[in-house]
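Quick note: numbers below take in every heavy atom, side chains included, and nothing from hydrogens, waters or symmetry partners. Lettering follows sequence order; numbering is per chain, from 1.
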2 protein chains.
Amino acid sequence: MAKNPQKIRIKDIAEMAGVSAGTVDRVLHGRGKVSPAALKAVEEVLNRVNYNPNIYLSSISIRKRIKIVFVTPHTQGSQYWQQIHEGFSKALNEYSVVDLTSEVYTYDQYDLYNCRTTYSKVLEAKPDAVVIGPTFKDETIRLTQTLDEEHIPYAYVDSMVEGTNPMAFYSAKQDSCGYLIAKLIRQTTPADSEYALFQAMRVGDESANNTIQRKIGFMEFFHQNRLGDKVHRLNFSPLDKAYNDKALADFFAAHPNVKGAAVLSSRGSIITDSLKRIGINHIKTICLDPTSDNVAAMMDGHLDFLVGQRPELQGFLAVETLLKNIICGGHPAVENYMPLDIITRENIDFYKEYVVQNSAVGGGGM
Amino acid sequence: MAKNPQKIRIKDIAEMAGVSAGTVDRVLHGRGKVSPAALKAVEEVLNRVNYNPNIYLSSISIRKRIKIVFVTPHTQGSQYWQQIHEGFSKALNEYSVVDLTSEVYTYDQYDLYNCRTTYSKVLEAKPDAVVIGPTFKDETIRLTQTLDEEHIPYAYVDSMVEGTNPMAFYSAKQDSCGYLIAKLIRQTTPADSEYALFQAMRVGDESANNTIQRKIGFMEFFHQNRLGDKVHRLNFSPLDKAYNDKALADFFAAHPNVKGAAVLSSRGSIITDSLKRIGINHIKTICLDPTSDNVAAMMDGHLDFLVGQRPELQGFLAVETLLKNIICGGHPAVENYMPLDIITRENIDFYKEYVVQNSAVGGGGM
DNA sequence: TACTTTTGTGTGTACGTCCACAAAGGTGTG
DNA sequence: CACACCTTTGTGGACGTACACACAAAAGTA
């Protein structure tokens with residue numbers, strides 16, 4: 001530690017390389033018009049010292065107004081996506097020194113055609129950068145092809161679309177998530193227990209692919225422990241309470257040894273509410289995301305565990321990465337997996353506010 | 001969202017108030033020499049708009065070199081304190097635009113006199129800001145009185161000393177931590193289990209007060225559930241393996257129903273190593289902090305849960321808060337409790353690198 | 001050889017903030 | 001009324017970065 005490792009400026013590099021600041025600038029920004037000799041001299045110095053320009057200083061000097069476009073499934077009714085958008089807002093706020101404009105487009109994740117028209121609006125908006133919450137693979141590939149052609153950087157939140165070249169993506173490892181849920185539910189129930197895997201009839205808040213990955217991880221745990229036959233599946237309705245009450249009552253009558261229940265989406269409170277109504281207690285229940293309904297159910301003592309995947313941080317980091325790239329250049333880490341937070345009644349206070357906790361140096365790796 | 005809420009500059013405020021930028025600057029920095037009329041006009045505008053200066057821009061303009069002094073227990077042999085110091089380094093790195101100097105002083109947390117002489121060195125260093133990892137209450141009160149007199153801001157990491165006026169403190173809620181550990185160990189063992197509470201003979205890595213608080217929270221859980229008599233205590237040695245092997249073998253012979261073990265410090269791997277040597281398996285074990293020993297024990301399958309308290313984030317935020325205050329002024333939140341992260345083999349990858357995850361907007365509240 | 005074009009280089013200005021200094025205004029005294 | 005003295009105010013430079021522009025040197029053309 002001790003004294004500050006002498007901050008090096010463009011001027012310093014220029015001096016060391018025996019050229020002017022303008023030449024160093026041209027090398028840094030790849031603006032050409034530099035003789036091979038000068039280029040070599042500057043690059044040698046750049047390799048020796050580690051120069052990192054400050055984004056805030058760069059951004060006040062930059063002339064351009066940056067337009068960033070967000071395109072995700074509708075946030076209406078999905079706290080998960082709402083939280084991702086919260087992260088967008090916080091990043092825009094954090095980087096308010098930069099002359100930023102933003103536009104938000106959301107689409108119906110069950111309607112391919114709606115997604116297609118929404119994606120076309122994204123292109124019409126002539127963005128400088130795009131954050132994508134993808135659902136339809138082929139449509140997204142088509143969108144990103146155009147973005148690639150026009151050299152518009154983009155980043156994903158929630159999940160990655162293979163076969164595309166994003167600046168970065170931010171998501172949780174969904175199979176690990178499923179595996180973790182299985183482990184937790186198993187660990188907190190007696191050895192001879194059986195288990196329920198509840199699935200919403202129509203996939204709720206997130207892309208179907210994520211739910212599938214979670215299920216793969218979930219079942220992997222049980223198969224590894226030769227408990228595959230202890231898991232019983234049941235579909236429930238995201239809306240029809242009467243249906244759920246009946247279905248769950250029948251289910252638990254048929255499977256009296258079921259002591260733990262997993263919902264591989266954020267809809268866990270629907271199950272616990274139903275269990276409460278039909279008077280079934282002491283079923284350990286676990287699902288995803290500290291949504292307000294889930295937080296309430298947990299404080300109520302009906303939900304035992306939640307697994308959080310930091311949606312807000314995903315949104316924040318996606319924006320930050322794109323901005324840093326546009327303003328300072330440089331290439332960040334492409335794959336970024338979020339921590340899977342295990343949330344119980346005892347530590348929920350720290351997670352329910354969805355606080356974006358500083359990427360600072362650790363994560364970004366610019 | 002849409003367009004950027006027009007960034008307001010000092011010049012804008014000056015125009016609105018009908019004065020020059022210099023006057024606004026004097027008001028902002030409380031440098032006096034402003035007529036009552038001008039003061040009122042500027043303050044009215046400042047109340048209307050929300051002006052937030054950028055720390056990076058301020059810091060390049062500021063003339064002063066800032067000296068920040070860190071004083072904590074020795075980091076030798078304590079990964080917890082090492083991680084806090086990691087956070088210091090990352091903050092210094094993040095704010096390398098600022099002309100910073102730092103000095104580190106560490107003291108023997110078992111030696112009051114050593115602490116006293118170390119504290120006096122802190123004052124001799126004439127710091128602009130101090131980060132304190134406190135152990136001895138009275139000594140710290142004395143130190144901070146001098147700091148208060150000289151208007152030197154300070155912040156605590158790890159714990160707070162009552163009766164002092166820090167800029168802020170960053171710590172985990174230790175009683176919640178103990179309570180959480182109790183809950184986890186209870187939830188993952190059969191209903192008729194008994195429990196072991198292992199304590200290092202000489203408190204290990206952190207202040208004794210923290211360990212006491214954890215024990216209070218731990219016992220509170222068991223008393224609330226009328227299980228106070230199910231907890232058996234045993235002391236172990238941080239160093240003497242042979243002693244531990246003998247003591248643990250005797251203990252488990254005497255208490256065959258003990259199925260869960262808690263260590264309310266980061267020394268859990270000492271217990272699991274000993275259990276491994278004497279051939280006792282299937283005791284659920286839980287302790288604090290993903291130190292490298294604990295991570296190894298967890299990957300090995302011998303430690304079941306760890307509770308993390310983000311030491312690195314504590315260090316990072318303490319420095320950030322002080323710097324923001326010195327450079328931009330403004331008053332941050334004083335009380336800042338870290339999340340208690342529940343760590344298992346399945347999610348340890350995300351926590352073991354002790355990544356500082358961006359405070360950004362959420363936490364700081366400047 | 002004179003002239004244009006191309007290529008490479010340095011200089012100057014702007015960004016928002018802080019702060020030193022100079023200018024302007026006001027008050028009181030000889 | 002002139003002068004010094006104090007209070008208040010405005011102006012201009014500096015920080016580090018980006019970029020436009022002007023200029024110099026080299027190369028090409030007539």
Side-chain angles (χ1 to χ4, degrees), chain A residues 4 6-42 46 49 51-66 95-100 128 323-330, chain B residues 4 6-42 46 49 51-66 95-100 323-324 326-330:
Chain A
N4 192 22
Q6 189 59 17
K7 178 77 190 168
I8 22 164
R9 306 155 300 165
I10 287 184
K11 201 185 269 185
D12 299 322
I13 295 166
E15 207 170 301
M16 287 188 257
V19 295
S20 78
T23 305
V24 176
D25 179 73
R26 276 181 285 272
V27 173
L28 285 172
H29 294 84
R31 246 193 290 280
K33 316 274 184 175
V34 175
S35 67
L39 181 69
K40 200 185 158 209
V42 172
L46 284 176
V49 304
Y51 170 71
N52 38 351
N54 188 276
I55 185 174
Y56 297 95
L57 295 178
S58 301
S59 64
I60 56 159
S61 303
I62 217 164
R63 215 55 56 103
K64 201 168 58 179
R65 157 166 289 185
I66 295 170
Y95 289 95
S96 64
V97 251
V98 185
D99 192 5
L100 281 177
D128 296 300
L323 283 180
K324 282 193 176 169
N325 176 261
I326 290 176
I327 297 170
C328 297
Chain B
N4 193 22
Q6 189 57 20
K7 178 77 188 167
I8 19 168
R9 307 155 299 165
I10 286 183
K11 203 186 270 185
D12 298 322
I13 295 167
E15 208 170 299
M16 287 188 257
V19 295
S20 77
T23 305
V24 176
D25 179 72
R26 275 182 286 270
V27 173
L28 285 172
H29 296 84
R31 244 193 291 280
K33 320 271 184 171
V34 175
S35 68
L39 182 68
K40 200 185 158 212
V42 173
L46 283 176
V49 304
Y51 170 72
N52 39 349
N54 189 274
I55 185 174
Y56 297 95
L57 296 179
S58 302
S59 65
I60 57 159
S61 303
I62 217 164
R63 212 56 54 102
K64 201 170 60 179
R65 157 165 289 184
I66 295 170
Y95 289 94
S96 64
V97 251
V98 185
D99 191 5
L100 280 177
L323 283 181
K324 282 192 176 170
I326 290 176
I327 297 170
C328 295

For the pair A/Arg26 and A/Val42, evaluate side-chain contact (heavy atoms from CB on, under 4.5 Å) and give the outcome as yes or no after the intermediate values. CA-CA 10 Å; A/Arg26 276 181 285 272; A/Val42 172; over 6 Å; no
A/Ser96 side, atom OG; B/Ile8 side, atom CD1 - distance, nearest 0.5 Å: 9.5 Å
In whole angstroms, the gap separating P of C/dA20 from NZ of B/Lys33 amounts to 12 Å
Closest listed nucleotide, where the reference is the side chain of A/Pro36 and the choices are C/dG10, C/dG8, D/dT9: C/dG8
Can you find a pair of side-chain heavy atoms, one from A/Leu46 and one from A/Leu28, that are under 4.5 Å apart? yes
Could you state the CD1-C1' distance from A/Ile55 to C/dC15, rounded to the nearest angstrom? 15 Å
Are A/Ile13 and A/Val27 packed together at the side-chain level, in the sense that at least one heavy-atom pair is separated by less than 4.5 angstrom? no
Nucleotide N/O of nucleotides 13-19 of chain D paired with protein N/O under 3.5 Å:
unit_1 : atom_1 : unit_2  : atom_2 : d
D/dC15 : O2     : B/Ser61 : OG     : 3.4
D/dG16 : OP2    : A/Arg9  : NH1    : 2.9
D/dG16 : N2     : A/Ser61 : OG     : 3.0
D/dT17 : OP1    : A/Tyr51 : OH     : 3.0
D/dT17 : OP2    : A/Ile10 : N      : 3.0
D/dT17 : O3'    : A/Ser58 : OG     : 3.1
D/dT17 : O2     : A/Ser61 : OG     : 2.3
D/dA18 : OP1    : A/His29 : NE2    : 3.2
D/dA18 : OP1    : A/Ser58 : OG     : 3.2
D/dC19 : OP2    : A/Arg31 : NH1    : 2.8
D/dC19 : OP2    : A/Arg31 : NH2    : 3.3

Rounded to the nearest 0.5 angstrom, the NZ-OG distance for B/Lys11 and B/Ser20 is 12.0 Å
Looking at B/Thr23, I'd like to know whether one of its side-chain N or O atoms comes within less than 4.0 Å of OP1 or OP2 on D/dG10. yes
From CD1 (B/Ile326) to OG (B/Ser59), nearest 0.5 Å: 12.0 Å
Rounded to whole Å, please give me the gap between CZ in B/Arg26 and C1' in D/dT11. 10 Å
Between P of C/dC18 and CZ of B/Arg65, the distance in whole Å: 20 Å
State, yes or no, whether a side-chain contact exists between B/Ile60 and A/Asn54 at a heavy-atom distance under 4.5 Å. no
Below 3.5 Å between N/O atoms, which protein atoms pair up with nucleotides 25-27 of chain D? Just atom names and distances, please.
none

Could you tell me if the side chain of B/Pro36 sits less than 4.5 Å from the side chain of B/Leu39, heavy atoms only? no
Spacing of A/Asp128 atom CG and A/Lys64 atom NZ [to the nearest 0.5 Å]: 5.0 Å
Do B/Leu57 and A/Leu57 touch side chain to side chain, with heavy atoms closer than 4.5 Å? yes
Taking side-chain contact (heavy atoms from CB on, under 4.5 Å) as the criterion, tell me which of B/Ile66, B/Ile55, B/Ile62 meets it with B/Val98. B/Ile66
Would you write the dot-bracket representation of DNA chain D, where each base gets (, ), [, ], | or . depending on whether it forms a Watson-Crick or G-U pair under 3.5 Å and with which partner? ||||||||||||||||||||||||||||||
